[in-house]
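Comments concern the structure below.
All values derive from a computational prediction rather than experimental measurement. Because only heavy atoms are used, hydrogens play no part in the values below, and waters and symmetry mates are left out as well, while side chains stay in.
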Amino acid sequence: MAFDSNFEQRMTSALEEYRRSDSEMRSSAPGAAQAETPPEKKTSEKKEAVDGCVEISFDPEGNTANMILHKAHNGGRPITFQGVMAELARKGITTGIDELDIKDMVEGKVYDTPICIARAIPPKRGENGRISYHFEKQRVPKPKYDEFGIADFRELDLIVPIKKGEVIADITPPTPGEPGINIFGKAIKAEPGTMPNITVGKNTLMTADGKQIISACTGHIIYGTGCFNVEDTVTVKSDLDISVGNINFNGDVLIKGNVMEGFSIKAGRSVRIEGTVFNGSISAGGNIIINGGVLNSRIECEGDVSIGFCENSSIKAKGKVESAQFAFCTVFCYGELVAKGRTGVITGGNITCMKNVTAAVIGSEKYTFTEINIGDGSVTCARKREAEAELNCAKTAFAQANKNVEFLKMRKKRQGGNLTDVQSKQMKTETQNKVFYSVRCKELEELIAQLDADLKHRDDLCAMVSSTIYPGSHFCINYLSLDVTQVFNRSKVCVIDDEIQVVPL
């Protein structure tokens with residue numbers, strides 16, 4: 001057999017092709033690499049254990065902090081509560097931490113879920129200031145009721161009196177608020193409250209400490225233009241009637257209309273009425289001026305009275321009284337009485353005054369009985385005696401107050417320049433008494449001097465009549481009297497040689 005020299009070559013090539021193909025098949029089979037890997041090489045490629053961890057995030061202002069827990073791998077240690085707290089401390093988070101939520105998340109193994117675990121303590125805004133008023137802004141008429149339940153609509157209590165220094169409102173200032181704390185323990189500034197809008201009205205003022213609004217004078221209080229005002233004069237722009245009611249006020253009163261029937265005015269100072277008083281009552285601590293007339297009314301004051309005309313009324317005054325007409329009136333005054341004008345008339349009634357009477361006409365053509373009493377020595381003497389007695393009491397009180405003040409000054413010196421609270425109050429009281437009685441003594445001395453002058457000139461009193469004195473008129477000057485039985489023109493009724501006589505002017 002002939003040997004094929006190319007066979008060995010072909011077999012060698014086939015074997016190498018087989019080996020190459022088998023090698024490729026082994027390398028592509030699943031798990032081939034692991035099967036062929038030596039045992040010592042497989043152990044060296046085991047995965048590394050990863051511990052659990054926590055991720056903390058927060059906003060720049062430090063208002064909140066969030067947490068995300070991450071799971072451990074390959075047998076690593078899980079995150080613990082202490083680990084989370086340590087991470088918070090490392091980041092400087094110390095305030096507002098919710099430990100309960102952290103424990104729940106850690107123990108419940110809640111991973112890869114964000115949760116807020118710290119919150120800042122927010123600041124508390126300050127309270128706004130406020131004003132507490134002692135008076136009603138809107139005064140509602142409130143008629144008074146008697147014991148039988150009957151309403152008196154003349155007493156409506158619309159005038160609200162107020163004294164100097166009396167508190168109108170209390171002012172509560174705003175508070176600064178309470179600061180907060182962010183999660184890093186730093187303070188968060190609080191917003192303070194706002195001050196209330198305060199408007200000080202007429203004759204009112206704010207105290208030095210800014211805590212009260214008080215009245216700057218004695219008067220009555222009203223609300224208008226957004227604030228309370230104190231007026232020293234009560235002004236009624238219409239008639240004094242059922243819409244206003246009676247007035248009782250310590251200051252001045254101005255009525256721009258009439259005083260209707262049955263209504264009254266009591267004023268601590270002066271009263272001025274532009275219209276007429278119909279069956280009313282007017283009382284004042286000062287002067288009374290009524291531009292219209294007075295009909296069937298009662299007038300009483302501590303000063304002068306001036307009336308347009310007067311009929312069937314009663315008038316009492318400490319000063320002068322004047323009117324164009326006194327018709328059937330009862331008048332008593334310590335000053336002069338004047339029926340003013342060229343036609344000033346006194347007809348009927350009873351006139352008594354401590355000084356002169358001046359009129360154009362006294363009486364009437366119908367011989368109306370008209371009584372004129374001028375001066376009264378007994379009244380003047382009685383007033384002088386009362387004033388002298390009061391002066392003695394005032395001097396005694398002044399001396400006692402002065403003595404007490406000097407004694408307290410000596411005690412203060414002995415006590416090292418200090419007084420107890422009780423002694424200080426007594427010193428204040430006695431000093432006020434000393435000033436009061438000093439002023440009162442001066443006033444009484446002046447009054448006594450004036451009464452002495454009146455007594456010296458009582459015989460000079462007279463009635464001056466520029467036109468006519470009619471029969472029916474009766475004059476009494478001090479203790480002397482005269483009944484007029486004939487008409488006298490332009491005459492003077494006076495005392496001559498202890499007798500009342502009518503002499504020409």
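Electrostatic pairing of E274 and K256 does not count as a salt bridge here, judged by no charged N lying under 4.0 Å from a carboxylate O. Here K164 does not pair with E166 in a salt bridge; the nearest charged N to carboxylate O distance is not below 4.0 Å. With respect to E406 and K403, no salt bridge is recorded, no charged nitrogen being found less than 4.0 Å from a carboxylate O. Salt-bridge check for E302 with K318: passed, with a basic side-chain N closer than 4.0 Å to an acidic carboxylate O.
For CD of E365, the number of neighbouring non-hydrogen atoms (other residues, nucleotides, ligands) closer than 6.0 Å is 12 at most. More than 12 heavy atoms of other residues, nucleotides or ligands sit less than 6.0 Å from atom CZ of F398. More than 12 heavy atoms of other shown residues, nucleotides or ligands fall within 6.0 angstrom of atom CD in E300. Within 6.0 Å of the CZ atom in R269, the count of heavy atoms belonging to other residues, nucleotides or ligands exceeds 12. Atom NZ of K340 is surrounded by more than 12 heavy atoms from other residues, nucleotides or ligands within 6.0 Å. The environment of D421 atom CG is sparse: at most 12 non-hydrogen atoms of other residues, nucleotides or ligands sit within 6.0 angstrom. Counting heavy atoms of neighbouring residues, nucleotides and ligands inside a 6.0 Å radius, atom CD of E178 does not exceed 12 of them.
Between D239 and V259 the shortest side-chain heavy-atom distance does not fall below 4.5 Å. The shortest side-chain heavy-atom distance between F184 and T95 does not fall under the 4.5 Å cut-off. Contact check for K316 versus T330: no side-chain heavy atoms found under the 4.5 Å cut-off. Side-chain contact between N291 and I273: absent, with no pair of heavy atoms (C-beta onward) separated by less than 4.5 Å. Two residues are said to be in side-chain contact when any heavy atoms from C-beta on lie closer than 4.5 Å; T194 and R125 meet this criterion. Taking the side chain as every heavy atom from C-beta outward, N279 and F263 never approach each other to under 4.5 Å. Counting heavy atoms from C-beta on, the side chains of S297 and V277 come closer than 4.5 Å. Within the 4.5 Å cutoff, side-chain heavy atoms of I213 are placed close to those of I198.
Between the CD1 atom of I181 and the CD1 atom of I121 there is a distance of 4.5 Å, given to the nearest 0.5 Å. Taken from OG in S466 to CG in N489, the straight-line distance is 10.5 Å, to the nearest 0.5 Å. Taking CD1 from I247 and OG from S283, the interatomic distance works out to 13.0 Å, rounded to the nearest 0.5 Å. We find the CD-CG distance between E336 and D304 to be 10.0 Å, quoted to the nearest 0.5 Å. Distance check: L240 CG to M260 CE gives 9.5 Å after rounding to the nearest 0.5 Å.
Side-chain atoms of T204 never come within 3.5 Å of backbone atoms of V200 as a donor-acceptor pair (strictly under, hydrogens ignored). Between the side chain of N246 and the main chain of S264, a donor-acceptor pair closer than 3.5 Å is present. Side-chain N or O atoms of T396 include none that pairs as donor or acceptor with a backbone N or O of A394 at under 3.5 Å. Without hydrogens or angle criteria, T199 side chain to C227 main chain gives no donor-acceptor distance under 3.5 Å. Using modelled atom types, one side-chain atom of S215 and one backbone atom of C217 make a donor-acceptor pair closer than 3.5 Å. The main-chain N or O of Y470 is never found under 3.5 Å from a side-chain atom of T468 such that the two would form a donor-acceptor pair. Between the side chain of D252 and the main chain of T233, no donor-acceptor pair closer than 3.5 Å is present. The closest donor-acceptor contact from the side chain of S270 to the backbone of N287 lies under 3.5 Å. No donor-acceptor pair under 3.5 Å is formed between the side chain of D232 and the backbone N or O of G219. One N or O on the side chain of S313 and one on the backbone of E311 form a donor-acceptor pair closer than 3.5 Å.
Ring-plane geometry between F228 and Y133 is classed as tilted, the angle between the planes lying from 30 to 60 degrees on a 0 to 90 degree scale.
A donor-acceptor contact closer than 3.5 angstrom links the side chains of D170 and H134. A side-chain donor from one of R298 and S281 sits under 3.5 Å from a side-chain acceptor of the other. Between the side chains of T352 and N350, at least one donor-acceptor pair of N or O atoms lies under 3.5 Å. A donor-acceptor contact closer than 3.5 angstrom links the side chains of Q400 and N404. Looking at N248 and K266, their side chains never bring a donor and an acceptor atom within 3.5 Å of each other.
A side-chain contact (heavy atoms from CB on, under 4.5 Å) with I282 is found for exactly one of V305, I307, I265, namely I265. Each of R411, Q432, K409, K412 was evaluated against M427; a single residue qualifies, K409, per the side-chain contact (heavy atoms from CB on, under 4.5 Å) test. Just one residue in the list I221, I222, V167 forms a side-chain contact (heavy atoms from CB on, under 4.5 Å) with F135, and that residue is I221.
Nearest heavy-atom pair, D59 versus T64, reported as atom, atom and distance to 0.1 Å: OD1-N, 2.8 Å. Heavy-atom minimum distance, I362 versus V465: CD1-CG2, 3.5 Å.
F332 has its ring centre less than 6.0 Å from the ring centre of Y334.
Residues meeting the side-chain hydrogen bond (donor to acceptor under 3.5 Å, both in side chains) test with T420, sequence neighbours left out: Q423. In terms of the side chain to side chain contact (heavy atoms under 4.5 Å, CB included) criterion, residue partners of K366 (sequence neighbours excluded) are, by chain and number, S364, T368. With sequence neighbours excluded, the residues satisfying salt bridge (Lys or Arg N to Asp or Glu O under 4.0 Å) with K320 are E322.
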